[in-house]
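So the structure is just underneath, and the comments pick up after that.
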Amino acid sequence: MALLIKNGEIVTASQRYRADIWCEGETITRIAPNIAPPPGAEVVDATGKYVFPGFIDPHVHIYLPFMGTFAKDTYETGSQAAVIGGTTTFIDICIPGPADDPMAAFERWNAQSTGKSACDYSYHLAVTRFDDRAEQQIRHVVAAGISSFKVFLAYKDALNLPDDELLGLLKLAKELGVVTTAHCENASLVFERQQQLLAQGKRGPEWHEPSRPPVVEAEGVHHLLTFAEIVGAPIYIVHLSCDEALRVALAARCRGVNVWIETLIQYLLLDKTWAERSEFEGAKYVMSPPLRDKRHQQVLWSAIRSGLIDTVATDHAPFDFADQKAMGKDDFTKIPNGIPGIEDRVNLLYTYGVKRGRIDLHRFVEIASTQPAKIFSLFPKKGTIQPGSDADLVVYDPDYRGTLSAQTQMMNVDYSAFEGFAIEGRPHVVTVRGQIAAQEGLFVGIPGRGQLLRRAASL
Ligand code: URP
Ligand code: ZN
Ligand code: ZN
């Protein structure tokens with residue numbers, strides 16, 4: 001069915017103007033003032049609303065097997081939560097265990113996602129072992145359209161990739177022209193600090209941050225970017241949390257290293273005192289890298305505003321407080337790391353970024369949609385509003401007022417990391433490839449309509 005979005009104010013990373021958007025099938029075919037609604041077309045009145053390109057979350061985990069359990073959201077629940085919150089594309093991480101084959105992991109992830117997602121999605125391929133067998137299979141997965149890698153310098157003896165294997169992988173990334181995304185914390189230093197703290201009887205969630213201080217993250221960034229500099233491979237640093245790590249990344253960028261930087265909505269709005277809450281409540285806020293001292297928030301916002309940080313993601317990794325976070329009740333190193341956020345990122349970024357005057361509307365669209373699309377080979381199909389782009393649109397109501405709560409969220413997890421946070425705006429209507437998928441906070445789309453986005457290597 002054809003769809004007409006009328007009377008809205010279109011906002012992209014570089015333009016702001018009033019026009020109607022005509023979508024035929026899955027695609028935007030015309031943008032012009034005063035398009036007359038043809039008979040039978042579905043019409044969305046966007047008077048008083050912004051129209052943004054569908055937002056893209058470049059770093060989420062769906063049903064992630066991790067720390068002895070699985071992140072709670074499936075492709076059904078996670079994708080519907082995404083769409084309600086204005087995210088029409090996300091990139092999950094396909095993670096083989098060190099003993100697993102990359103192809104088997106790719107097939108397993110496809111079995112979990114095919115026909116289940118409400119919106120489009122892709123994966124980064126995590127590489128947790130790099131030998132000849134893995135390399136051959138990685139080449140096949142890239143040829144199948146998964147054109148970005150993920151490496152973990154953290155999570156000792158679980159996911160972290162040793163240096164010689166990292167070197168081999170970065171050479172392959174350069175040869176194939178794919179970007180390597182990286183979790184940068186030094187696994188050995190974290191392990192050492194964890195053992196010291198536990199030996200001192202420091203076992204609660206408040207000790208998670210001291211076990212991996214900013215210098216440990218900065219070392220990880222320096223380490224990875226030194227390898228990237230030698231090899232000449234492009235890097236995307238995920239979930240950068242602090243001033244120290246940012247400075248190291250920027251210094252490498254100044255030396256000519258091709259590096260993009262992602263931060264997360266939670267680092268902008270929450271600080272380490274949340275993980276210090278009593279009665280084990282702090283476990284809800286245990287993630288890696290950890291929430292930092294409040295002083296880092298100002299640094300991160302400034303870096304976003306000035307273009308030094310490229311994207312804002314969620315690293316959505318929901319674990320129930322009652323029975324999953326509780327696995328670390330007597331030992332913070334056993335608390336599953338991660339928090340939910342896929343549903344809330346856009347509204348939080350709009351409210352606490354745009355409305356509070358920290359970033360303008362264009363930067364908002366750029367960091368949460370356009371840049372992820374460009375970096376991960378989805379642009380201009382995704383990430384902008386122009387004829388030929390997918391009709392992924394967010395008709396956004398800036399007059400909406402509400403409050404985030406676990407009681408009302410779609411995400412399949414028993415708490416909200418942003419419980420009680422005021423929201424000053426939310427999607428009125430969200431379309432996925434030309435079909436209305438969410439309206440006023442409710443999912444109204446077709447659950448399994450999302451497609452795996454196969455991305456060409458482009459660097
Ligand atoms: O704490 C986090 N970030 N959990 C998810 C896994 C990861 O490191 O991205
Ligand atoms: Zn990570
Ligand atoms: Zn992650």
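Counting starts at 1 for both ligands and their atoms, in listed order.
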query = With a cut-off of 2.8 Å, which protein N/O/S atoms are close to the Zn ion (ligand 2), if we only count those under it?
reply = H183 ND1, H239 NE2
query = Hey, would you say the F319 and F70 ring centroids sit under 6.0 Å apart?
reply = no
ask   = How would you list, by chain and number, every residue that makes a salt bridge (charged side-chain N to carboxylate O under 4.0 Å, His left out) with R277, sequence neighbours excluded?
value = none
request  = Would you kindly say whether T74 and E76 are connected by a side-chain donor-acceptor distance under 3.5 Å?
outcome  =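 Yes.
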query = Do Q196 and E192 get their side chains close enough for a donor-acceptor pair, meaning under 3.5 Å?
reply =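 A pair is found: one side chain offers a donor N or O, the other an acceptor, under 3.5 Å apart.
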side-chain contact (heavy atoms from CB on, under 4.5 Å) partner of P289, chosen from C242, P213, S241 =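 Running side-chain contact (heavy atoms from CB on, under 4.5 Å) over C242, P213, S241 with P289 returns exactly one hit, S241.
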Go ahead and list the nitrogen or oxygen contacts between ligand 1 and the protein that come in under 3.5 Å, distances to 0.1 Å, or just say none.
from, atom 1, to, atom 2, distance (Å)
ligand 1, 1 (O), S288, N, 2.7
ligand 1, 1 (O), G338, N, 3.4
ligand 1, 3 (N), S288, O, 2.9
ligand 1, 3 (N), D315, OD2, 2.6
ligand 1, 4 (N), N337, O, 3.0
ligand 1, 8 (O), Y155, OH, 2.6
ligand 1, 8 (O), H183, ND1, 3.0
ligand 1, 9 (O), H61, NE2, 3.1
ligand 1, 9 (O), D315, OD1, 3.2
ligand 1, 9 (O), D315, OD2, 3.3

request  = Fit a plane to each ring of H239 and H59, take the angle between them on a 0 to 90° scale, and name the class: parallel (under 30°), tilted (30 to 60°) or perpendicular (over 60°).
outcome  = tilted
query = Parallel, tilted or perpendicular: which describes the rings of Y155 and F152, with under 30° parallel and over 60° perpendicular?
reply = tilted
remark   = Sorted by chain and number, sequence neighbours left out, side-chain contact (heavy atoms from CB on, under 4.5 Å) with A326 holds for none
message = How about CD on Q407, more than 12 heavy atoms from neighbouring residues, nucleotides or ligands closer than 6.0 Å, or not?
response =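 No - once you tally the heavy atoms of other residues, nucleotides and ligands closer than 6.0 Å, there are 12 at most.
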